[in-house]
Amino acid sequence: MSDAWKIVDLLLSKYSHPKIALIFSNPLELLIATILSARCTDIKVNEVTKNLFKKYKSAKDYAVADIRVFETEIKPTGFYKNKAKMIIECGRMLINDFKGKVPDTMESLTLLPGVGRKTANVVLGGVFNKQVMAVDTHVLRVTNRLGLANSQKPDIVERELVDQVPAGKLTSFNLALILHGRETCKAVKPKCPECILLKQCSWPDKTS
DNA sequence: CTCCCGATAT
DNA sequence: ATATCAGGAG
């Protein structure tokens, strides 16, 4: 696939310096925001965290939180009972096993409840300046349509992309893919006619 | 594989 | 009515 570099360049020229849509000001805030973002729009997460982060400023604040209160505070993000339980346990584990600080390795991050490979990669790329590919629903859909990936399994797709994309551009390409997935290569009614990758795309869109 | 959860778009 | 939304756990 020599198309990969071309696609990377085209997308990065459109989204020159892509940023994470989640609002945060430190590693802990990004970790919590990313856990909350599971199957939820970033807009709703930002609404919730705007108030949440005023109250919860350290791992200990989450560790000692009242679960009932916390559930209502994060309710709009959905799956709130699971997320509340996981985030509070996450705070406890950060205190007990990581001296209250968010770890900066994949192995440690994925030990935390509610943190899978995708969430860990968001944190690694977002605040620890690592070159990573966090495969979420957008990345999965867009790269499969483009022919850059051929799998519905996120960890397989992650490896396929890491193998094809220039190492130094992984994180920015990751964010550009998400923006492209949200604005153009949408799950429902994609805007193929206005897509800058139309020529490199192998996806036969007969619907629109 | 199912479940967790509810708002929004079509 | 149905699909989808920065997924992860059991």
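Every heavy atom of this structure was used, including side-chain atoms; hydrogens, water molecules and symmetry mates were not. Proteins come first, then strands; the chains are lettered A, B, ... in the order of their sequence lines, and each starts at number 1.
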Enquirer: Are A:Val115 and A:Leu52 co-members of a hydrophobic cluster defined by side-chain heavy atoms under 4.5 Å apart?
Expert: yes

Enquirer: At under 4.0 Å between heavy atoms, what does A:Leu175 touch on the DNA or RNA strands: base, sugar-phosphate, or nothing?
Expert: base

Enquirer: Can a side-chain donor-acceptor contact be found between A:Asp3 and A:Gln164 if the only test is distance below 3.5 angstrom?
Expert: no

Enquirer: So where does chain A start and stop touching DNA chain C, 5' to 3', when the test is distance under 4.0 Å to a non-hydrogen atom?
Expert: C:dT4 to C:dA9

Enquirer: Select base, sugar-phosphate, or nothing to describe what A:Thr119 touches, counting heavy atoms under 4.0 Å on all strands.
Expert: sugar-phosphate

Enquirer: Between B:dC5 atom C1' and A:Met86 atom CE, what is the distance in whole Å?
Expert: 12 Å

Enquirer: Identify whether any heavy atom of A:Val115 sits under 4.0 Å from a base atom; if not, whether one sits that close to sugar-phosphate; answer base, sugar-phosphate or nothing.
Expert: sugar-phosphate

Enquirer: Classify A:Val122 by what it touches in the nucleic acid, base, sugar-phosphate, or nothing, heavy-atom distance under 4.0 Å.
Expert: nothing

Enquirer: Just by distance, with hydrogens left out, do A:Thr34 and A:Ser37 show a side-chain donor and acceptor under 3.5 Å apart?
Expert: no

Enquirer: With rounding to whole Å, what would you report as the distance between B:dC5 and C:dA1 at their P atoms?
Expert: 25 Å

Enquirer: Nearest whole Å is fine: how far is B:dA7 P from A:Tyr80 OH?
Expert: 10 Å

Enquirer: Figure out the CD/P separation between A:Gln152 and B:dC1, and round it to whole Å.
Expert: 12 Å

Enquirer: Filter on ring pair (Phe, Tyr, Trp, His ring centres under 6.0 Å), then keep only pairs touching residues 22-58 of chain A, sequence neighbours left out; what's left?
Expert: A:Tyr56-A:Tyr62, A:Tyr56-A:Phe70

Enquirer: Using a strict cut-off of less than 4.0 Å between a Lys/Arg side-chain nitrogen and an Asp/Glu carboxylate oxygen, indicate whether A:Arg92 and A:Glu89 qualify as a salt bridge.
Expert: yes

Enquirer: Begin from the C-alpha positions of A:Glu158 and A:Arg117 and carry the test salt bridge (charged side-chain N to carboxylate O under 4.0 Å, His left out) through to its verdict.
Expert: CA-CA 10 Å; A:Glu158 181 182 343; A:Arg117 199 173 171 84; 2.6 Å; yes

Enquirer: Between B:dC3 atom P and A:Phe79 atom CZ, what is the distance in whole Å?
Expert: 12 Å

Enquirer: Could you check which residues of residues 14-31 of chain A get a heavy atom under 4.0 Å from DNA chain C? Sort them by number, please.
Expert: A:Ile20, A:Ala21, A:Leu22

Enquirer: Is A:Thr41 touching bases, backbone alone, or none of the nucleic acid, heavy atoms closer than 4.0 Å?
Expert: sugar-phosphate

Enquirer: Of A:Arg39 and A:Gly116, whose nearest nucleotide on DNA chain C comes first from the 5' end?
Expert: A:Arg39

Enquirer: With P as the reference atom in both, quote the distance from B:dA9 to C:dA6 in angstrom, rounded to an integer.
Expert: 13 Å

Enquirer: Honestly curious: do A:Leu179 and A:Val132 fall in one hydrophobic cluster under the side-chain, below-4.5 Å linking rule?
Expert: no

Enquirer: Are A:Leu197 and A:Val165 linked, directly or through other ILVMFWY residues, by side chains that come within less than 4.5 angstrom of each other?
Expert: yes

Enquirer: Taking all atoms of both residues into account, what is the closest heavy-atom pair of A:Ala149 and A:Val157, and its distance?
Expert: CB-CG1, 3.8 Å

Enquirer: Scan A:Lys83 against the nucleic acid and name what it touches under 4.0 Å (heavy atoms): base, sugar-phosphate only, or nothing.
Expert: nothing

Enquirer: How many Å lie between CG on A:Asn82 and P on B:dG6, as a whole number?
Expert: 12 Å

